Each structure stands twice: as C-alpha cells, then as structure tokens.
Student: 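Handing you a structure now.
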Amino acid sequence: MYKLIDGKEVSAFIKNQVREEVEALKKQGKTVSLAVIIVGNNPASRVYVNNKKKACEATGIKSYEYALDENTSEQELLALIKELNENSEINGILCQLPLPKHIDEKKVIDAIAAEKDVDCFRAENVGKMWLGDYDFAACTPKGVMLLLEYYGIDVCGKNCVIIGRSNIVGKPMASLLIEKSATVTVCHSKTKNLSEFTRNAEVIIAAVGRPRFITADMVSDGAVVIDVGINRDENGKLCGDVDFESVKEKASYITPVPGGCGPMTIAVLMRNTLVAYHIANGK
Ligand code: GUN
C-alpha cells in the first residue's frame, strides 16, 4: 500500500513558516519583496507567475510584477534588471523562463545580482550549492528534499536515480542528494537500458518532460517515486512523467501531479526570497 506525498500540505507548512517570519518583520516596519518579470504571452508562464504572486500574498511578501511585451528587446530587459538590482526595496528578482527567442537567457540570468537570484540560476550560486556552502538552493530540487524530509525518508546510502539532466532540476537535484549522502545516478535521453537503472533505484526522481514516461515495469517494489514533470497528455489533461495509476501499486511513496512537486517549487521560492532579505540586511 503506497503513501501519497502531499505537496499541498508540505508547501502550506513551509509557506506558513515564511509567513510567520515575514509578519514579525512587518511589525518592525520591514518589508520582504520579490520582483517577478514575465516577457510575452506564454500561457504556462502566465499560470506559474500568477501562482507565484498568490504565494507572495499568502506569505505577506510584497510582489512587483513586470509584464513586458513579447517584442521587448534584450537591452530593455537588461536595463530593467539593472534598475531592480540597484533598488534596495527589492530583495529577490525572478525572470520567468522561457524567454522569447531573440533574448539570450544566459545573459539575462547573469544580469540578476547574485544576492537577489532567488531561482539559484547564476553560476556562482549553482557552484556554491555544489560546494555545500550556500544561501539559495534551486527551488524545485530543494522542494523535493523538503518533501522527503517531511515524510521521514532518509536518502543516506540509498540508490537514487534521477531521470533528466537539466540545469533547473536534474543537475541541482544530484547536488542536493549527494549532500545528503545518497548514491546518485543521473540518467537522460541518451541513457542506454534506462529500465536497468530505474529498476535498481530505491528513490526515482522523474524530470523528463514526457507524459507518463515512467511505467510500472520500470519501478521496483517499495520504491519512492517523485514526479517533477508537468505535462499535458493527448487529451490536454495535466499529468506527470510517471504513469501514476500503475506505478502507485508498486511504490512505497509517490507524488501526484498536480499537487506534488509543483507547490513545493513555489514554497521554496518564498523561502529564498526571505533569505535574500536577510542577505540584504546583514543576515
Ligand atoms: N520556468 C520553469 N521553471 C522555472 C523556474 O523555476 N524559474 C523561472 N524563473 N522560470 C522557470
């Protein structure tokens, strides 16, 4: 019998911790703030940005939205980021990805001041995470770690298999699992005989971006299955990278989609914004 990992419950718990701290600061006349930049009309990005703004409201973090036209030039976007970097009223800056094709994402990521980089996308923040001495952790992987911790799942010495090697999920996920002494394998689209890896995994973290890609035959009995994917299936229905209905019968713990990792990413973003406030104010 599997146990459902409830990302809504855990994210509410984390956001409540943030809210208590933000409220205590408010009583001293201090404000924690996040600037959210969105360029263009990507519908998924709009949903994510709205959810981030809602989480700001729930935690008492002041949010500033900068919704820029699809045709905004790279130069204009960089100028806005420079202004926000220099504005001491802004603690965290987030630029929703993907950006329109004419804008160089790397340039934009590098333009955000390291101490305001609440996504943990900049090279120095990624490097600090790998060295285990960091302020910001990448939102989605840190969200996964908090889910595991909340349910008392200790990864120390466990065989953990990540499927996906993106800069946002797969790579930082490996870093955080190694930090907790897991034995980590990172698989990806070029991995041969993927099932041989996943069948030996005690913890599977799916970040593939393909609807219901992980099927029951790929999972061993009692595995912990974490689904980071958010996809639309052929009927337009929201689903993860894991075939939940079949895999749940084998898993000991499993995350649903929606309501698993998604809300955790945003809860960690709120935590990181509070961290950015403390960096700006001498910790
Ligand atoms: N696009 C998809 N995920 C993310 C994220 O975590 N942060 C930002 N800025 N853009 C994204």
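For ligands, and for the atoms within them, numbers begin at 1 and follow the listed sequence. Everything numeric in this text was worked out from a predicted model, so none of it was measured.
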Student: Give the cluster check for Val203 versus Val208: same hydrophobic cluster or not, with ILVMFWY residues linked at side-chain heavy-atom distances below 4.5 Å.
Tutor: no
Student: Does Cys156 offer a backbone N or O that forms a donor-acceptor pair with the side chain of Lys180 under 3.5 Å?
Tutor: no
Student: Return the residue, atom name and 0.1 Å-rounded distance of the protein heavy atom closest to atom 11 (C) of ligand 1.
Tutor: Gln96 NE2, 3.3 Å
Student: Which protein heavy atom lies closest to atom 7 (N) of ligand 1, and at what distance to 0.1 Å?
Tutor: Asp119 OD1, 3.1 Å
Student: Say whether Val108 and Leu94 are linked into one hydrophobic cluster, either directly or through other cluster members, by side-chain heavy-atom distances under 4.5 angstrom.
Tutor: no
Student: Are any side-chain N or O atoms of Ser166 and backbone N or O atoms of Val169, one a donor and one an acceptor, separated by less than 3.5 Å?
Tutor: yes
Student: Using only heavy-atom distances, determine whether the side chains of Asn159 and Asn200 contain a donor-acceptor pair under 3.5 Å.
Tutor: no
Student: Answer yes or no for Cys95: is there a heavy-atom contact with ligand 1 below 4.0 Å?
Tutor: yes
Student: Below 4.0 Å from ligand 1: does a non-hydrogen atom of Phe121 turn up there or not?
Tutor: yes
Student: Among protein heavy atoms, which lies nearest atom 10 (N) of ligand 1, and at what distance?
Tutor: Leu97 N, 3.0 Å
Student: Yes or no: does Glu105 have any heavy atom under 4.0 Å from an atom of ligand 1?
Tutor: no
